S.K.: 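After the structure tokens below, expect a handful of questions from me.
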Amino acid sequence: MRPDSGWDLSVDNRNGQLALAVEIKRKTNVSPEWTIKLRRNIFAHRTFPKAPYFLMVFPDKFYLWSNAEAYQDQSEPTYIIDASPILQPYFERAGVAADQISGASLELIITSWLGEIIHSDQLPENIDASQQWLIESGLYAALIGGKLEHEAAA
């Protein structure tokens, strides 16, 4: 088992190497500029294991940095994704609105969503259009067959 990475969630690829680091925040309506500053502050104050993909999750948007851009201080996200089509079914099943979700519930939802990808038997061409960015970025291939890691509460 890998030592605590400090990320809210992380996914190791099928070879046991860190593939995705995930930071989850409850805030909504954040700008790309705000996320860039937050990401820079996160990296400035702690040392984290590096992953080829870094995903910052908010109830309404996902911001994904991939490969070389993942650890450059001021880089813009590689992808900015509308999270509504992905997360709305989970919010409906949980009976909550995106702007009312607790941090712990949002983390559980993201855990479920990532778990579905990791254990997916869908061919990439059958993935919903709202999640094509997973294929385009290479993240889908990196996650399939991997292992999700939850960070222990301090």
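As the structure is a computational prediction, the values presented were derived from the model and not from experiment.
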S.K.: Kindly say whether L143 contributes a backbone atom to a donor-acceptor pair with the side chain of N13 at under 3.5 angstrom?
M.R.: no
S.K.: Any donor-acceptor pair under 3.5 Å linking the side chain of D12 with the backbone of G146?
M.R.: no
S.K.: Whether the side chain of S105 engages the backbone of S102 through a donor-acceptor N/O pair (distance < 3.5 Å, no angle test) should be reported.
M.R.: no
S.K.: Any idea which heavy atoms bring A51 and A21 closest together, and the distance?
M.R.: CB-N, 3.9 Å
S.K.: Taking T78 for the side chain and S66 for the main chain, is one N or O donor matched with an acceptor at less than 3.5 Å?
M.R.: yes
S.K.: Ignoring hydrogens and angles, tell me if any N or O in the side chain of W65 forms a donor-acceptor pair with the backbone of S75 under 3.5 Å.
M.R.: yes
S.K.: Test side chain to side chain contact (heavy atoms under 4.5 Å, CB included) on E23 and V57; report intermediate values, then the result.
M.R.: CA-CA 6 Å; E23 192 67 20; V57 171; over 6 Å; no
S.K.: Backbone N or O of F58 within a donor-acceptor pair of the R26 side chain at under 3.5 Å?
M.R.: no
S.K.: Output side-chain donor-acceptor pairs under 3.5 Å for residues 83-94, partner residues at least two apart or in another chain, one line each.
M.R.:
{"from": "S84", "atom 1": "OG", "to": "D82", "atom 2": "OD1", "distance (Å)": "3.1"}
{"from": "Y90", "atom 1": "OH", "to": "E116", "atom 2": "OE1", "distance (Å)": "3.0"}
{"from": "Y90", "atom 1": "OH", "to": "E116", "atom 2": "OE2", "distance (Å)": "3.0"}

S.K.: What residues, two or more places apart in sequence or in another chain, satisfy ring-ring contact (aromatic ring centres under 6.0 Å, His included) together with W133?
M.R.: none
S.K.: If only side-chain N and O atoms count, and only distance matters, is there a donor-acceptor pair under 3.5 Å linking S120 with Y140?
M.R.: yes
S.K.: Check for me, please, whether L108 and I101 land in the same ILVMFWY cluster - side-chain distances under 4.5 Å, paths through other members count.
M.R.: no
